[in-house]
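Beneath this line is the structure, given in structure tokens, with notes to follow.
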Amino acid sequence: MTARVVQVLPDVSAIDRVFDYEVIERDDPRVRIGSIVRIDLHGRRVRGWVVAEGAGAAGDVVLKAIAKVSPGHVPADLVDLSSWAAWRWAGKRRSFLATASQPQPVVTFGRGAPKSDDQLRESTPEWARAAFESPQSVVRLGPAIDPWPIVVAAAERGPALVLVPSLARVDLMHRRLREAGIRGVTVGARAGAWVACDGLASVVVVDAHDEVYTEERAPTWNAWRVVAARAARAGVACALTSSTPTVEQLDWGTLVETDRNTERRGWARIEILDRRGDDPRTGLWSSRAVDAIRSAGRTLCILNRTGRAKLAACAKCSTIATCEKCAGAVHQVEAAELICGRCGTTRPTLCLVCGGTKLKLLRVGTARAAEELSALIGAPVAEVTGASAAVPDTKAIVGTEALLHRVGRADLVVFVDLDSELSAPRYQANEEALALLARASRVVRGRFGDGRLLVQTRQPDHPVLLAAAANDPARLTDTDRQMRQDLALPPFAALAQVSGVAAPVFVDGLRGQLGVEVTGPDNHEAFLVRAPNHQTLCDALARVERPIGRLRVSVDPVRA
DNA sequence: CGGACAAGCTGA
DNA sequence: CAGCTTGTCCGG
């Protein structure tokens, strides 16, 4: 009788290859594809995953035995998906299998059909039913429209996987499911894309445009792409919901819209404050914004710059304040001190040219903005950034966009300087700016309350603002799509960003690949790799040998 | 990753 | 030439 042999992928980051091991007890049912085992490898005992049955190209080496079978198991379909994901995001299988093996903060609530079928079906609107008519759909909902009916519709079809953008919303969703008596729904955040689901019948991704679905560290995989692939492999429907679907998502799936009025009610009234006529010395706050803040209730003022100022000049001689060591622009975090944004050198607030100690703050941050607003409205104004512990109870708060995630409800949201978002050097900048306005619309409860948004801008005719003011994201999609086509950007091309000390050697290898174009390095020493599609791009990235040394490959980079 | 082993350096 | 560091290789 021949020995039973399986292939094992070790859980060791530097080893991206499989090894053959013998299964001593041939019929051990615990050893199967996806089993988590311990193996002896090169003198130490490490964790690994059984990824295939039967011997690989082992040659005539003497095989070692699987030392131990650990608890836990990755279903075979996810083992297979991990190979695809490793190709798709130019990463190692190990990182995906590790995610799939983690105890995840997901909630699987029972099994079976919803409590009262008829009652639920009656309250299911047409658009929620339509979400599963096509195998791939994108349901566009006004920002303040609750996607819950889609979750109910998914549960009716059988075991469902639902992704939401944060752990807090996993809890919230779980509570609602329990209260509604709905069973058979697995809820997770980004890593939930890798959770086991028996008999999966449908997949829903809530707020699919949200960038938290993208892993920041390489491999830069994206949860909606993973569950979309997973659904396609399982032959089940996948529905994305979003107030502002991305061009890539609309390229992927069939758009499902609600009726125009329902969508409109989900968006807040948006007022554009055209500041082109204002004297630049007026400062950050237009008088119209100050009046609105005075008469409103809870107000959130969004400014995506922390500290007091990102750029300053001497009040006496107008010289831009720079670092004495590296000549980078210095930031003012606190009034008395300047910090170089590039090398971190600090010095007291002092002009290097004339010795002046008074500065004009040119690109004011949240700290200074809060001080100014407080003086203008004659009331205390708190400052909240991503690093802040608690949200204070002042009437007006100035903060970065983190504020929109931390405060559930407001009466007025003011975008102090949306122009800095609109001109951000990323091709997704428009989509992100519109998504920000959508998030603010949700915070003021769209047209369901009497909240509103105020946008200070010098670009009142910008497509983002026209789309937002019309409560019609499609208007931006059309212009953005054209721009992407003209500039050969996704979804009309596939991109990867390559950085790290080994990047120059690696991209040299890529230059010889058919259909692949390399540009760079940019000022961060990163190269951009472009191909007509992911097949070409990812095949090339997989084919070219990786040189030793640090190398980061970001497929579908966020900052490009 | 981390153990093994070889090559290189140092001091007696 | 022992004793140590540094570098390269490779795992079943």
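So you know, we letter chains A, B, ... as the sequences are listed, proteins then strands, and number each from 1.
Between the P atom of C:dC9 and the CZ atom of A:R17 lies a distance of 15 Å, rounded to the nearest Å. Atom CG of A:D16 and atom C1' of C:dG11 are 14 Å apart (whole Å). Straight-line distance from the OH atom of A:Y21 to the P atom of C:dG11: 11 Å, rounded to whole Å. If you take CD1 of A:I15 and P of B:dG3, they are 12 Å apart, rounded to a whole angstrom. The distance between atom CG of A:L41 and atom P of B:dA4, rounded to the nearest whole Å, is 13 Å. Per the geometry, CZ belonging to A:R94 stands 9 Å off C1' belonging to B:dC1, to the nearest Å. Atom CZ in A:F19 sits about 12 Å away from atom C1' in B:dC1, given to the nearest Å. Regarding A:I24, its CD1 atom lies at a distance of 13 Å from the C1' atom of C:dG12, rounded to whole Å.
Among the atoms of the strands shown, none is found under 4.0 Å from any heavy atom of A:I39.
The number of heavy-atom neighbours closer than 6.0 Å to CZ of A:R559, taken from other residues, nucleotides and ligands shown, is 12 or below.
One finds no side-chain N or O of A:R44 lying less than 4.0 angstrom from the OP1 or OP2 phosphate oxygen of C:dG11.
Cation-pi geometry between A:R484 and A:Y427 is not met: the NZ or CZ atom fails to fall both under 6.0 Å from the ring centre and inside 45° of the normal. Geometrically, A:R176 engages A:W148 in a cation-pi contact, judged by NZ or CZ lying under 6.0 Å from the ring centre and within 45° of the ring axis.
Residue A:H42 places its side chain closer to B:dG2 than to any other of B:dC1, B:dG2, C:dG12.
Taking 4.5 Å as the limit, some side-chain heavy atom of A:I150 sits within range of a side-chain heavy atom of A:F132.
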